[in-house]
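Since the structure comes first, as structure tokens, the remarks are kept for the end.
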There are 2 protein chains.
Amino acid sequence: MNSKKGIPEKTIERLAMYRRLLSGLKEKGLEHLYSHQLAEFTRNTPAQIRRDLMMTGYVSNARKGYTIGDLVKKIDETLAGSQRQKIALVGIGNLGRAILSYFNNQHSALSIVASFDNDDTKVNRVIAGCRCYHIKDLEAKIKEEGIDLAIITVPGHHAQEVAEKLESAGITGILNFAPVPLKLPDSIYSDRIDITTAIEKVAYFASKIRKEL
Amino acid sequence: MNSKKGIPEKTIERLAMYRRLLSGLKEKGLEHLYSHQLAEFTRNTPAQIRRDLMMTGYVSNARKGYTIGDLVKKIDETLAGSQRQKIALVGIGNLGRAILSYFNNQHSALSIVASFDNDDTKVNRVIAGCRCYHIKDLEAKIKEEGIDLAIITVPGHHAQEVAEKLESAGITGILNFAPVPLKLPDSIYSDRIDITTAIEKVAYFASKIRKEL
DNA sequence: ATCACACTGTTAATTATTTCACATAGAATA
DNA sequence: TATTCTATGTGAAATAATTAACAGTGTGAT
Ligand SMILES: NC(=O)c1ccc[n+]([C@@H]2O[C@H](COP(=O)([O-])OP(=O)(O)OC[C@H]3O[C@@H](n4cnc5c(N)ncnc54)[C@H](O)[C@@H]3O)[C@@H](O)[C@H]2O)c1
Ligand SMILES: NC(=O)c1ccc[n+]([C@@H]2O[C@H](COP(=O)([O-])OP(=O)(O)OC[C@H]3O[C@@H](n4cnc5c(N)ncnc54)[C@H](O)[C@@H]3O)[C@@H](O)[C@H]2O)c1
């Protein structure tokens with residue numbers, strides 16, 4: 001019933017964030033809130049909030065604001081969060097392990113069900129309930145488990161090669177932490193988190209602020 | 001000589017990325033490249049590249065494309081990367097340690113010079129050449145070392161409190177990994193990396209692609 | 001020395017995102 | 001029941017970001 005054609009990327013990001021925040025508030029016993037309250041929590045404007053929530057098709061009952069439970073449910077639907085999706089993580093290094101142990105405690109609809117490495121000393125280790133397989137078994141395992149998504153945390157110069165393996169294994173979405181843009185067909189959605197760049201950006205704008213004062 | 005008023009955030013991010021990529025290419029012996037080559041490497045359009053590089057004020061010599069060395073230097077200037085900035089990292093957990101050991105091997109103008117935790121068992125440990133101090137010494141240490149920036153990797157419910165400590169210690173830029181938006185005055189630039197949200201976004205668009213095919 | 005070519009720098013057009021502003025709705029009050 | 005009042009949903013306006021288009025330029029070929 002939802003699904004116009006095309007919710008903006010930025011809105012999707014914010015919806016995911018609203019959902020997490022709202023779930024937290026619900027657990028604290030809060031039942032209703034207004035756009036300006038959510039705006040306060042998330043550090044943006046009430047207008048933005050309303051426009052974002054509009055995309056979910058949820059209709060509040062005006063005077064009392066949004067009913068948190070229903071809203072969360074509606075965001076779930078919108079984000080297709082109702083469907084379970086399985087994730088593979090490739091590269092059990094420092095970052096990979098951090099993400100693995102963090103993420104699998106958090107989530108419901110998404111979970112990391114297998115990890116891969118090319119280092120034999122890591123194969124068969126179990127971290128956060130998730131076993132590490134050798135990279136050579138990647139395709140078989142992904143097909144066997146019906147895994148849809150992947151997180152890449154291998155060194156930069158291996159990222160493209162790993163991405164291509166994931167592609168031929170049938171993965172449709174990749175989140176890449178390696179500092180290298182991936183060349184992939186449009187039939188795969190891929191996004192990158194570039195921590196170094198993010199720090200450099202903070203450095204730039206912080207130093208700009210310092211100069212202006 | 002550069003510094004119009006206000007290079008867009010997105011451009012700053014891309015410039016930082018171009019710089020890293022170009023530095024790599026230079027080390028491999030490449031001296032010149034065209035906007036369409038850099039576009040190929042970074043997975044975007046030549047027009048975008050040219051527009052971004054325009055902001056640095058660098059002028060290429062038409063027929064041969066950009067001289068990589070000079071271009072990197074110009075990006076350095078633009079990103080104020082010439083000035084050294086010191087960084088503090090708060091929260092030596094899984095993620096904090098991963099970032100610390102990664103980042104301090106990488107960079108020249110930016111480095112993490114101190115870390116902080118409230119867990120006594122972590123205090124005084126040295127990771128990647130960086131000593132961990134007790135959080136109660138945060139303000140003193142930051143002032144003593146002249147630290148400008150901070151990375152927050154503490155659990156969500158401590159992030160705001162830590163951010164406020166950083167604020168009163170005089171920090172002007174924060175990169176926050178906790179899944180909580182921070183309330184801070186405009187005199188501090190703060191950005192957030194939200195890994196969970198990023199995965200959810202990939203899940204959304206990947207499943208959208210699957211449906212459309 | 002001249003020409004032709006391929007790529008740049010930049011302005012203009014397009015597209016995406018955010019903000020504004022207001023008519024509408026529906027609880028609460030009397 | 002009628003009235004008031006605050007917050008919503010949404011078109012329209014404003015702003016930001018990307019893409020296209022093209023005149024200009026220096027290089028290498030002739
Ligand atoms: N650690 C960080 O905070 C951080 C920050 C920014 C970016 N990154 C990027 O994330 C990636 C991982 O960083 P890290 O610090 O965890 O590195 P790491 O060296 O600790 O881990 C890399 C892991 O990948 C495995 N690996 C290497 N080649 C492989 C292959 N072909 N197939 C499967 N596994 C392979 C290695 O065995 C190792 O376990 C790197 O690309 C790094 O640039 C990390
Ligand atoms: N690990 C990940 O991949 C990941 C992914 C997404 C988000 N995050 C976020 O990053 C943050 C850190 O994650 P983590 O997995 O490293 O957690 P962690 O529990 O391993 O580490 C947290 C560290 O912060 C310290 N700490 C707690 N309160 C503190 C305080 N008041 N002052 C100073 N130090 C304090 C703890 O002692 C611990 O060392 C969390 O907010 C988490 O939500 C982590």
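Note that the structure is predicted; figures quoted are calculated from it, not measured. Lettering follows sequence order; numbering is per chain, from 1.
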| request: Check every atom of C:dT18, C:dC22, C:dA28 against the side chain of A:K64 and return the nucleotide holding the closest atom. | output: C:dA28
| Is any NZ, NE, NH1 or NH2 atom of the basic residue among B:D148 and B:K86 found under 4.0 Å from an Asp or Glu carboxylate oxygen of the other? | no
| note | A:N44 atom CG is separated from C:dT17 atom P, nearest whole Å, by 15 Å
| Over how many whole Å does the gap from A:D52 atom CG to D:dT10 atom C1' extend? | 14 Å
| field | Protein-nucleotide distance (A:M54, atom CE; C:dT19, atom P), rounded to Å | value | 16 Å
| Starting at CD1 of A:I12 and ending at P of C:dT17, how long is that distance when rounded to a whole Å? | 11 Å
| Which part of the nucleic acid does A:S35 contact within heavy-atom distance under 4.0 Å: base, sugar-phosphate only, or nothing? | sugar-phosphate
| If only side-chain N and O atoms of B:Y66 are considered, is one of them under 4.0 Å from the OP1 or OP2 phosphate oxygen of C:dG9? | yes
| request: Kindly say if A:R51 contacts the phosphate of C:dA16, meaning a side-chain N or O under 4.0 Å from OP1 or OP2. | output: no
| task | Considering just the side-chain nitrogens and oxygens of B:S60, establish if one lies under 4.0 Å of OP1 or OP2 belonging to C:dC7. | result | no
| Below 4.0 angstrom from OP1 or OP2 of C:dT19, is there any side-chain N or O of A:Q48? | yes
| query | Is there a donor-acceptor contact under 3.5 Å from the side chain of B:R192 to the main chain of B:N176? | reply | no
| Counting side-chain heavy atoms from C-beta on, which of D:dA21, D:dA17, D:dA7 comes nearest to A:Y34? | D:dA7
| Atom pair CD1/CD1 of A:I188 and A:I174 - distance to nearest 0.5 Å | 5.0 Å
| task | Could you check how far NE2 of B:H36 sits from P of D:dA20, rounded to whole Å? | result | 17 Å
| With a cut-off of 6.0 Å (strictly less than), are more than 12 heavy atoms of other residues, nucleotides or ligands near CG of A:D186? | no
| query | Would the number of heavy atoms belonging to other residues, nucleotides or ligands and lying under 6.0 Å from NZ of B:K73 be above 12? | reply | no
| query | Given atom CD of B:Q37 and atom P of C:dT8, what is their separation to the nearest angstrom? | reply | 9 Å
| task | Rounded to the nearest angstrom, tell me the gap between atom CZ in B:R50 and atom C1' in C:dG9. | result | 8 Å
| said: Heavy atoms from C-beta onward define the side chain here; which of C:dT17, D:dA21, C:dC7 lies closest to that of A:K10? | reply: C:dT17
| What is the distance, rounded to the nearest whole Å, between atom CD of B:E13 and atom P of D:dA16? | 16 Å
| request: Respond yes when some side-chain nitrogen or oxygen of A:T45 is under 4.0 Å from OP1 or OP2 of C:dT19, and no when none is. | output: yes
